[in-house]
Amino acid sequence: MTDAAAASQPPEESRFHAFRQAEDLVARRRPLDALKALQPLLETETDKPSVHLLAGRAYFHSAQLRRAEQAFTRVLELDPTDHYARFILGRTLQRLGRFVEALAQMRMASAMNPVPEYLEAISEVKAHIALRDS
């Protein structure tokens, strides 16, 4: 869809299109382009966890880790039960070298949804902490 066609859509359809475009761009490993597509939504949809989660993923994949942390924290303010947001916040904190904080988030995510990926990440972070403390 062209920019002109998107502009002629009703605002709700335009927002939906921007969100789907950003999702596609993140999936295709183009996080900076995804953030451009999401920018209008970040300004108008401040209370939508899905928008902040997608922005957080784009920030994470573009190594903007402080911004990713802020986005995932906002998701959890809006929806404290989002296990994936907790997990990816843990991964973000891990990349920032904040292993104890990362472990706490990952443990909560795993308690909510004990999938193998979360359990493996917990083991990985525990190993980092053990190496650091030895």
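For the pair Met106/Lys126, no side-chain contact is recorded, criterion being any heavy-atom separation below 4.5 Å from C-beta on. Two residues are said to be in side-chain contact when any heavy atoms from C-beta on lie closer than 4.5 Å; Ile122 and Glu117 fail this criterion. Residues Leu65 and Tyr59 fail the side-chain proximity criterion, which asks for heavy atoms closer than 4.5 Å. Annotation: side chain of Val125 is not in contact with side chain of Glu120 (no heavy-atom distance under 4.5 Å).
Residue Arg132 places its CZ atom among more than 12 non-hydrogen atoms of other residues, nucleotides or ligands, all under 6.0 Å distant. Atom CZ of Arg29 has 12 or fewer heavy atoms from other residues, nucleotides or ligands within 6.0 Å.
Of all heavy-atom pairs between Gly56 and Ala68, the closest is O-CB, 3.7 Å. Closest approach of Leu119 to Pro114, counting heavy atoms only: CD1-O, 4.2 Å. Here the shortest heavy-atom pairing between Ala85 and Asp82 reads N-OD1, 2.9 Å. Of all heavy-atom pairs spanning Arg74 and Thr46, the tightest one is NH2-O, 3.2 Å.
Side chain of Arg20 to backbone of Arg15: no donor-acceptor contact under 3.5 angstrom is found. When atom types are taken as modelled, the side chain of Arg86 and the backbone of Pro80 share a donor-acceptor pair closer than 3.5 angstrom. Arg95 places a side-chain N or O within 3.5 Å of a backbone atom of Phe60 that can act as its donor or acceptor partner. Remark: side-chain polar atoms of Ser62 are paired, donor with acceptor, to backbone N or O of Ala58 under 3.5 angstrom.
Atom CG of Leu35 sits about 8.0 Å away from atom CG of Leu54, to the nearest 0.5 Å. Between the NE2 atom in His61 and the CZ atom in Arg57 there is a gap of 5.5 Å [rounded to 0.5 Å]. Taken from CD in Gln70 to CG in Leu89, the straight-line distance is 11.5 Å, to the nearest 0.5 Å. Note that CZ of Phe87 and OG1 of Thr92 are 9.5 Å apart. Values are rounded to the nearest 0.5 Å. Atom CZ of residue Arg98 and atom CG of residue Leu93 lie 5.0 Å apart, to the nearest 0.5 angstrom. Of the inter-residue distances, the one linking Thr81 atom OG1 with Asn113 atom CG reads 11.5 Å to the nearest 0.5 angstrom.
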Quick one: do Tyr118 and His83 satisfy side-chain contact (heavy atoms from CB on, under 4.5 Å)? Show the steps, please. CA-CA 10 Å; Tyr118 294 2; His83 63 87; 2.7 Å; yes
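The closest side-chain donor-acceptor pair between Glu43 and Gln39 falls under 3.5 angstrom. Side-chain contact check for Gln94 and Arg91: at least one donor-acceptor pair (N or O, by modelled atom type) lies under 3.5 Å.
Checked against the 6.0 Å centroid threshold, His52 and Phe72 do not count as a close aromatic pair.
Leu103 and Val100 fall within the same hydrophobic cluster, defined by Ile, Leu, Val, Met, Phe, Trp and Tyr side-chain heavy atoms under 4.5 Å apart, directly or through other members. Transitive grouping of hydrophobic side chains (ILVMFWY, heavy atoms separated by less than 4.5 Å) keeps Ile129 and Met108 in distinct clusters. Both Leu96 and Phe99 sit in one connected hydrophobic cluster of ILVMFWY residues. Membership requires side-chain heavy atoms under 4.5 Å apart, directly or through other members.
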